[in-house]
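Written out below as structure tokens is the structure these notes cover.
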Amino acid sequence: MAARTLHSGLKHIHRPTVALCQSRMSVDGIHAPPSWTRSLTTTTTTTNTPPPGTAETLLSSSSSTPLLTLESLLPPVLVKTPLRKKVERPPVTPHTLTIASLLSTGLHLGHATSLWEPTTLPFIFGTREGISIINLEHTLVHLKRACNVARDISQRGGTLLFIGTRPGLKDLTIDAARHCEGYHVSSKWIPGTLTNAHQVLGRHASPDPEDPGRVPRTYRPDLIVLLNPLENRIAISEAQLHKIPIVAITDTDYDPRRVTYPIPANDDSVRGVALVAHVIASAAKEGVVRRKQVLNQKAREARAMREDLSLNESE
């Protein structure tokens with residue numbers, strides 16, 4: 001029993017040596033058992049070709065099969081496509097303005113009934129869950145009227161002043177003023193901007209080139225477009241003193257009689273206010289373009305008359 005145990009232990013200990021001897025016997029041409037010969041044949045015939053199923057076999061190139069790379073072995077990346085395609089709609093203009101466009105921006109939502117101003121009763125469609133609903137038919141009519149006023153004033157050479165002093169209205173106020181070549185106040189209305197313009201705006205006005213010592217001349221706007229009248233009561237008072245018409249968005253908590261051309265709509269919706277400002281600026285832009293066309297036509301007619309007079313005098 002002890003001899004058998006010792007023999008099995010020696011067999012396990014000298015196994016690498018036996019395997020080495022077997023390989024040497026196969027190399028020297030000594031006949032070996034079939035299992036040794038099969039392993040030797042496989043090893044000698046596939047010395048340059050890696051065994052199948054390994055990474056070296058997959059990456060090896062041959063004349064008949066294309067070269068495989070690690071990138072080709074990776075699974076394809078799935079590109080997520082949106083379920084709905086974005087449709088680019090043309091911008092809303094005073095001629096394409098509809099109730100649906102006003103409804104999509106939330107201009108029909110008023111304030112709570114506890115903040116209701118009784119003078120806005122003609123513009124209210126009803127109430128729902130304690131919130132006043134504005135009738136967008138009146139909003140559409142009053143907005144188109146404001147567009148006509150802005151177009152006529154711009155066509156006559158007047159200037160527009162856009163006022164939007166809320167934090168979310170700054171960018172759209174600037175864009176609307178630049179679109180129609182107007183002016184804007186987007187940070188804070190300084191008291192005395194209209195009533196004491198020489199003191200407030202005189203330092204920002206350019207001096208007169210003919211008489212630099214004279215007090216710089218300041219100009220007053222011909223129309224004020226007020227996007228948040230509730231926070232700019234001082235501006236409304238100054239405009240009333242100088243008889244400057246005001247176009248303002250009046251919500252259900254503001255008296256529309258304080259402004260010249262009220263637009264009953266939700267002044268808390270940034271998208272809605274942006275729509276109103278863009279539509280009014282587009283109408284004013286049309287007036288500016290028409291004025292330039294009229295001035296160019298008059299200039300061409302005057303140039304033609306001068307040429308005719310010069311030809312008559314030469315004859």
Side-chain angles (χ1 to χ4, degrees), residues 86 88-94 97-117 120 123-124 128-136 138-140 142-143 146-147 150 160-191 193-194 221 223-239 246-256 258-285:
K86 294 183 179 180
E88 295 183 359
R89 299 180 180 179
V92 181
T93 61
L97 190 64
T98 59
I99 295 180
S101 59
L102 301 178
L103 183 65
S104 62
T105 56
L107 289 175
H108 62 289
L109 300 175
H111 281 281
T113 53
S114 59
L115 303 175
W116 172 55
E117 175 66 32
T120 61
F123 305 139
I124 295 179
R128 182 178 178 85
E129 296 181 0
I131 298 176
S132 301
I133 305 300
I134 301 174
N135 192 348
L136 293 181
H138 295 282
T139 304
L140 183 63
H142 286 74
L143 182 55
C147 292
L160 272 69
L161 175 63
F162 288 83
I163 302 176
T165 56
R166 287 182 183 175
L169 308 180
K170 181 178 180 180
D171 295 337
L172 62 91
T173 303
I174 297 174
D175 294 340
R178 291 178 177 176
H179 185 67
C180 63
E181 300 179 5
Y183 301 89
H184 62 86
V185 175
S186 58
S187 57
K188 180 183 178 181
W189 179 264
I190 302 176
T193 303
L194 297 178
L223 179 66
I224 294 178
V225 180
L226 194 55
L227 304 179
N228 55 328
L230 194 62
E231 294 87 354
N232 294 282
R233 296 179 180 178
I234 298 178
I236 295 175
S237 301
E238 294 183 8
I246 303 173
V247 174
I249 301 176
T250 57
D251 210 332
T252 57
D253 61 341
Y254 189 80
D255 189 358
R258 299 179 180 177
V259 297
T260 312
Y261 302 102
I263 301 176
N266 180 16
D267 60 349
D268 295 327
S269 174
V270 179
R271 292 178 55 196
V273 175
L275 175 64
V276 173
H278 176 73
V279 169
I280 296 176
S282 300
K285 182 66 175 179

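Counting begins at 1 with the first residue of the sequence.
Under the 3.5 Å distance criterion, the side-chain polar atoms of His278 are left unmatched by any main-chain donor or acceptor of Ala274. Judged by distance alone, with hydrogens and angles left aside, the side-chain atoms of Asn266 form a donor-acceptor pair with the main-chain N or O of Gly106 at under 3.5 Å. Without hydrogens or angle criteria, Ser186 side chain to Gly164 main chain gives no donor-acceptor distance under 3.5 Å.
In this structure Thr120 satisfies the side-chain hydrogen bond (donor to acceptor under 3.5 Å, both in side chains) test together with Trp116, sequence neighbours excluded.
Side chains of His111 and Glu117 form no contact here, defined as non-hydrogen atoms less than 4.5 Å apart. Here the side chains of Pro264 and Ile124 are not in contact, with every heavy-atom distance at 4.5 Å or above. Contact of the Asn135 side chain with the Phe123 side chain is not registered, since no non-hydrogen atoms from C-beta on lie closer than 4.5 Å. The shortest distance between side-chain heavy atoms of Thr98 and Ser101 falls below 4.5 Å. Counting heavy atoms from C-beta on, the side chains of Ile99 and Thr139 never come closer than 4.5 Å. Side-chain contact between Thr252 and Leu115 is absent, with no heavy-atom pair separated by less than 4.5 Å. Between Arg166 and Asp268, some side-chain heavy-atom pair lies under the 4.5 Å cut-off. Looking at heavy atoms from C-beta onward, Leu109 lies out of side-chain contact with Ser269 at the 4.5 angstrom threshold.
How far CG of Leu275 is from CG of Leu143: 7.0 Å, rounded to the nearest 0.5 Å.
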(request) Give the intermediate values and the outcome of side-chain contact (heavy atoms from CB on, under 4.5 Å) for residues Val273 and Thr173. (result) CA-CA 9 Å; Val273 175; Thr173 303; over 6 Å; no
(message) One pair to check against side-chain contact (heavy atoms from CB on, under 4.5 Å): Leu102 and Val279. What are the steps and the verdict?
(response) CA-CA 11 Å; Leu102 301 178; Val279 169; over 6 Å; no
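The environment of CD1 in Ile190 is sparse: at most 12 heavy-atom neighbours from other residues, nucleotides or ligands sit within 6.0 Å.
Exactly one of Val225, Leu223, Leu227 qualifies for a side-chain contact (heavy atoms from CB on, under 4.5 Å) with Ile280. That residue is Val225.
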